[in-house]
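Heavy atoms only: backbone and side chains are in, while hydrogens, waters and symmetry mates are out.
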Amino acid sequence: MSSSMKRAAVLLVLLFLAPLAAADPPPGQPDVENDICSTWNSASGVCDDYDSALDHTPGDEWMRSSVEIDIEDAEMVEMSVGLVVHEMSREDLGLDDLDLEGDSKPWDGIPADYIRNYQSLDRGGDTVSELMLERVEEIMEEFIDINFPNVNTTTITTVSEIDFKSQPDATCVYNPDFDSIDEVNGFDNDPFHPPLCFEAVLQMEVDSNSFGLKPETSDINRMMQGLLTMGAALNSDFTASSPMGHSIELSVFPPPYANVQSVEPPGARKARMLDGHPQMYSILHIDNTQAVTEANTNAVELVSRLVHRELDTPTASIDPTEPSLVVDLIVDATDTQNTRFDLEIAIHHLGSQTLDEWGAELHDGSIEFPWVTSDGIRMLDQEVDEDLTSILEGIPIEEMSTAFSDALGADIWFGTPQFAEADDEGGLGFHHTPGETCDESLEVRYCIDGRHAMDGTWPVVLQTTSQSTPMRVTTVIQNMLENSGGDITSIDLSVVTDEDMASMMNVVEVELSSDTGWLQDLLPDDMPSTEFRLTLHLPEWIESTIGESSTVVIHAPMSGGGGQDFGFAGTRLFDWRHPICIESDPCEDDSSDLICGSNQKTCVSFDIRVDIEKFAIRETGFAVEVEFSAEVVLEIYRLGIDFDEEGIELHPVPSDLLRRMMVIGDRRIGGLLAGSDLEAPLDLGVGDIIDVEISNEGMQQLAETITSMSSDLIASYGPITTVPMDFGFGEYTFEGDFTATPFVASFDTITMPSNAEVGDSVPLRLGSKIDDALVRASLHGDGIDVRVQPAAIGLAIANRLSMAFGSPVFTDSGIQVEDAVGYIEIPPIMEDMVFGTIRSSARIEIHLPSSIRLLTFESQMGLGELTEVDGRQVVIYRTPVCPDATTWAQCSKNTDTVTYTVEVSWMFVLGELAPYIFVLLFAIGMLISRRRRLRKERKEERKETTAAEEQKLAELAMEAEFGKFDDKVVVVDEAYFEEEESEKPPDWRED
């Protein structure tokens, strides 16, 4: 609209508003002294007297402006400019020749009363009204252009009132017939009042820079609402300028969804009611009415901080107990040689500190983000196509790769993550479902309405994958064990391979509660609050006993950890419930060559080979001497070990696994248990308890220790004495002394089994030897002393022993005593060991010298045989077994009786040599003292004796207290009545 058309419109309005006066109204009590407006230039009005004291400005203009910017939304604003005119420049109005009289000066401006009176006065082609409107339009355009450049004013209208927020409102008059004290009762004699008021109302698009938004923002209003709802703060920036003689009040009303939180000085905040609720807005007042120069006319910024106005939709808040990130490390170790590692990072929100540390300056840093939620990231991506590379590059992926590699025993290297495809759980391209995830009626990528508006419930997900690489699953298990408590946690499994662990899991079941905080320790220190989940897809040799069997999920909350229950077992548990025989196939519990029954968790046996090298009779000392060598091998098929560790069930350990454990121990100085709180104690019954090192070197050290302690070990048995035994020619008692036996323990190097499968068919063999030993049996009355010592220090003994047994009979093959038959009772082996009470067996092979021959050798239970090898007789005997016995009384019932005859008069030596050597070698091979059993029996006897004595004392005390009871009275424990009560039928009632 052109200026001339605007002026014409204003004049038309003025004509309608201002009725013409036909004549001066009756003045009543006239106070006006001048007659300027009724005499100058043929005018007929009344103007108040000029008084410079009523002029509030030193210059020739006095105007007040009210500028209101109402931001309907971030894209459209309504600007209302109200101008109150008290005085205008003579030059602008063409009234240089108007004499105001009074104390006026020629350079004083024209007051409002005079302007109204001369509106229609023509001043060189333009009326005073037209000149006035030109100046009003000029002033308004200055207000508009400073905030909205290149926007022209619309129609300027006159109004009767202008509202102000920081000063009194202005009431205006346009009719010159009603503006003077002489025309309106109650008016003051003030030519500057009432003023003239003008108003222009404009609607225009918002400059996005006014809110710090990028010009290319596709939906400014929606983005602004989203930012504020997310918790961001925007700065709105508008400008006000007040010329000399003017005052201006600039008010900026934010959108309905925003509040002004703060205003930079000289601005201030005020409140208004909007939709029934208060809303804070900003206001700026500049007063240059007293300025005498143009120096104070600089523009002033009204900078306001906008925040979200909570009505039905709350501002998104960050729960400190909820994680900023959720890191999922998915490890597919089904093939441990080609393990796949996938990393997913779900971003729920990122705090401003994290954004700064990562160098992620979103939106050019023009918006104050306390945090950016996942919805906020989607908003930036949609509305301004924000480059989100800074977030991707901000993830400390290199540090995470290194930490994961060290913790999982693999070479893991993740590249820069990328945004994952969207799904129902989130993603950069996620869309909200109306009425479900968002209260908006349309499907949107970010939500600005409802309780989940602009929050991080549906995260943005990043993904990256490492190359396939070998991995030790054992490392994960070790980390879990280390954080579970108990002695087992101290075992260092760094030398244990996955094949080793697969073998161990054949006999182990683990249930534990582990502190998962070790996962949090893998994250860099500058990571925001992060929840960590490690999902491990297990190889086929191990399974989880909690949840999905093929997968274990380790969850570490952002607080640092917490107890989580886990359970593991091998998928090929070793089945120990089978018998073991020497040769029988199939082996049954009733097989004749049974070594251990299917009910025996611990199965050990002995393989004893004795070679009698020389036999001599010392007639002068009534003695015989036998030089021999022997080899004793302890065969361990399986061991039932009471691990005594809560949450760990250890099944019987087969020999294959024992071998593997020894070889594993070779990989570390100090053996398998080095550095841990676990020990493998061995009590030989003499000296200190030995802490056995689980390794080949440890076995060699143990062999040396046993060898050096053999004399003390044998002595710990005490004298060995038998009851009188009948050999067919008289009864004799044997007393044995084996302390000088030249015993040497010698364990061969143990090698690793060929694969992870375990079995107990091939025993672990631990050997010992007796080389060049001399057994001396001498006759003393009705007793025979048997002593063993090295052959090199044997004494010269008289050769008279055979004379004690009657007249010998010489045959072609030797010497024998007529009608002399030897009897030996051989019980099964039942001893207390560190592995509990075992019921074992032994195989004995005795090679006789060529100078001695057994005429007969018979076992009542068929457990022995007599063969010949290289011209020498060989006695082969297998001790009886008692696989089902639980007590020694039951076991001893399986005692075997062996009878034999020998060609020489000292046949009792041969008859007793084998069992006593066996006793010696068995004791050494078992590495345990029979004294333990005797101690146990004596302990039980003492308990019984103590109980009897206590019973007797109780009876005496009761007799002293209550008198002597009748013989029929029986004193019983209270539990007797409780048992009686529990045995009554359910429907029993007392009469």
Side-chain angles (χ1 to χ4, degrees), residues 326-346 404-405 407-412 414 420-421 423-425 461 463-484 488-489 491 493 496-519 522 531-557 561-575 647-651 657 660 755-758:
V326 175
V327 174
D328 275 295
L329 179 60
I330 300 97
V331 181
D332 186 353
T334 51
D335 179 3
T336 55
Q337 293 304 306
N338 294 282
T339 304
R340 177 186 172 91
F341 300 88
D342 294 312
L343 185 64
E344 292 185 358
I345 302 174
F404 295 160
S405 298
L408 302 181
D411 186 12
I412 304 171
F414 290 116
E421 293 293 328
D423 55 23
D424 292 340
E425 301 298 324
V461 181
Q463 283 182 337
T464 181
T465 299
S466 177
Q467 75 283 357
S468 296
T469 182
M471 173 193 161
R472 293 177 60 248
V473 174
T474 306
T475 306
V476 179
I477 298 175
Q478 178 178 355
N479 280 315
M480 297 171 69
L481 289 176
E482 287 177 351
N483 292 276
S484 64
I488 190 66
T489 65
I491 293 183
L493 300 180
V496 178
T497 66
D498 276 359
E499 182 177 287
D500 299 330
M501 183 58 67
S503 183
M504 293 179 183
M505 292 307 299
N506 285 308
V507 299
V508 176
E509 292 185 57
V510 180
E511 289 186 0
L512 53 90
S513 179
S514 178
D515 185 345
T516 58
W518 64 274
L519 282 180
L522 305 184
E531 180 179 302
F532 197 170
R533 286 195 301 260
L534 171 61
T535 301
L536 177 62
H537 296 282
L538 299 169
E540 53 85 23
W541 48 265
I542 188 173
E543 65 180 4
S544 171
T545 57
I546 298 177
E548 177 64 35
S549 62
S550 62
T551 304
V552 59
V553 179
I554 308 173
H555 176 250
Q564 183 177 346
D565 293 334
F566 299 95
F568 295 100
T571 56
R572 302 184 296 267
L573 286 177
F574 170 64
D575 185 7
I648 297 181
E649 181 179 356
L650 185 63
H651 298 282
L657 183 53
R660 179 176 292 272
N755 54 55
E757 299 291 336
V758 297

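- The nearest pair of heavy atoms linking Met480 to Leu512 is O-CD1, 4.3 Å.
- Counting only N and O atoms by type, the side chains of Asp498 and Thr474 include a donor and acceptor under 3.5 Å apart.
- A donor atom on one side chain and an acceptor atom on the other are found under 3.5 Å apart for Asp500 and Thr497.
- Of the possible polar contacts, one joining the Thr475 side chain to the Arg472 backbone as a donor-acceptor pair under 3.5 Å is found.
- Taking the side chain as every heavy atom from C-beta outward, Phe341 and Gln467 never approach each other to under 4.5 Å.
- Residue Glu757 holds its CD atom at 4.5 Å from CZ of Arg572, rounded to the nearest 0.5 Å.
- You'll find the side chain of Gln337 stays beyond 4.5 Å of the side chain of Met471, heavy atoms only.
- For the 3.5 Å distance criterion, the side chains of Asp342 and Thr465 qualify, holding a donor opposite an acceptor.
- In this structure, His555 and Glu531 have side chains that are in contact, with non-hydrogen atoms separated by less than 4.5 Å.
- Put simply, the side chain of Thr571 gets close to the backbone of Glu540: a donor and an acceptor are under 3.5 Å apart.
- Taking CG of Asn506 as the start and CZ of Arg660 as the end, the distance is 9.5 Å to the nearest 0.5 Å.
- The nearest pair of heavy atoms linking Thr339 to Pro470 is OG1-C, 4.4 Å.
- Tested against Val331, the residues Val473, Leu534, Thr535 include a single side-chain contact (heavy atoms from CB on, under 4.5 Å) partner, Leu534.
- Side-chain atoms of Gln564 come within 3.5 Å of backbone N or O of Val553 as a donor-acceptor pair.
- Under the 3.5 Å distance criterion, with hydrogens and angles disregarded, no donor-acceptor pair is assigned to the side chains of His537 and Thr334.
- Electrostatic pairing of Glu344 and Arg533 does not count as a salt bridge here, judged by no charged N lying under 4.0 Å from a carboxylate O.
- You'll find the side chain of Met504 reaches within 4.5 Å of the side chain of Val496, heavy atoms only.
- The distance from the CD atom of Glu511 to the CD1 atom of Ile546 is 6.5 Å, given to the nearest 0.5 Å.
- With a 4.5 Å cut-off on side-chain heavy atoms, Val508 and Val510 count as touching.
- Going from atom CD of Glu509 over to atom CG of Leu650 covers 10.5 Å, rounded to the nearest 0.5 Å.
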Next item on the list: Would you check, one step at a time, whether the test side-chain contact (heavy atoms from CB on, under 4.5 Å) holds for Ile330 with Asp332?
Entry: CA-CA 6 Å; Ile330 300 97; Asp332 186 353; 5.7 Å; no
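- Side-chain atoms of Leu343 and Val327, non-hydrogen and from C-beta on, do get closer than 4.5 Å to each other.
- With values rounded to the nearest 0.5 angstrom, Trp518 atom CH2 is found 10.0 Å from Gln478 atom CD.
- Under the 4.5 Å side-chain criterion, counting only non-hydrogen atoms from C-beta, Leu408 is not in contact with Ser405.
- Remark: the backbone N or O of Ser549 is not paired with any side-chain donor or acceptor of Ser544 at under 3.5 angstrom.
- For the side-chain contact (heavy atoms from CB on, under 4.5 Å) with Ile554, the lone residue among Val476, Leu329, Leu536 that qualifies is Val476.
- Using cut-offs of 30° and 60° for the angle between ring planes, the Phe414 and Phe404 rings count as perpendicular.
- A donor-acceptor pair under 3.5 Å is absent between the side-chain atoms of Asn338 and the main chain of Asp335, judged by distance alone.
- The neighbour count for Glu543 CD, taken as heavy atoms of other residues, nucleotides or ligands under 6.0 Å away, is above 12.
- For Thr551 (side chain) and Glu548 (main-chain N/O), no donor-acceptor pair under 3.5 Å exists by modelled atom type.
- For the pair Val552 and Phe566, the minimum side-chain heavy-atom distance is below 4.5 Å.
- In terms of heavy atoms, Ala407 sits closest to Asn479 at O-ND2, 3.3 Å.
- Interatomic distance, CZ of Phe568 versus CG of Leu538, reported as 6.5 Å (0.5 Å rounding).
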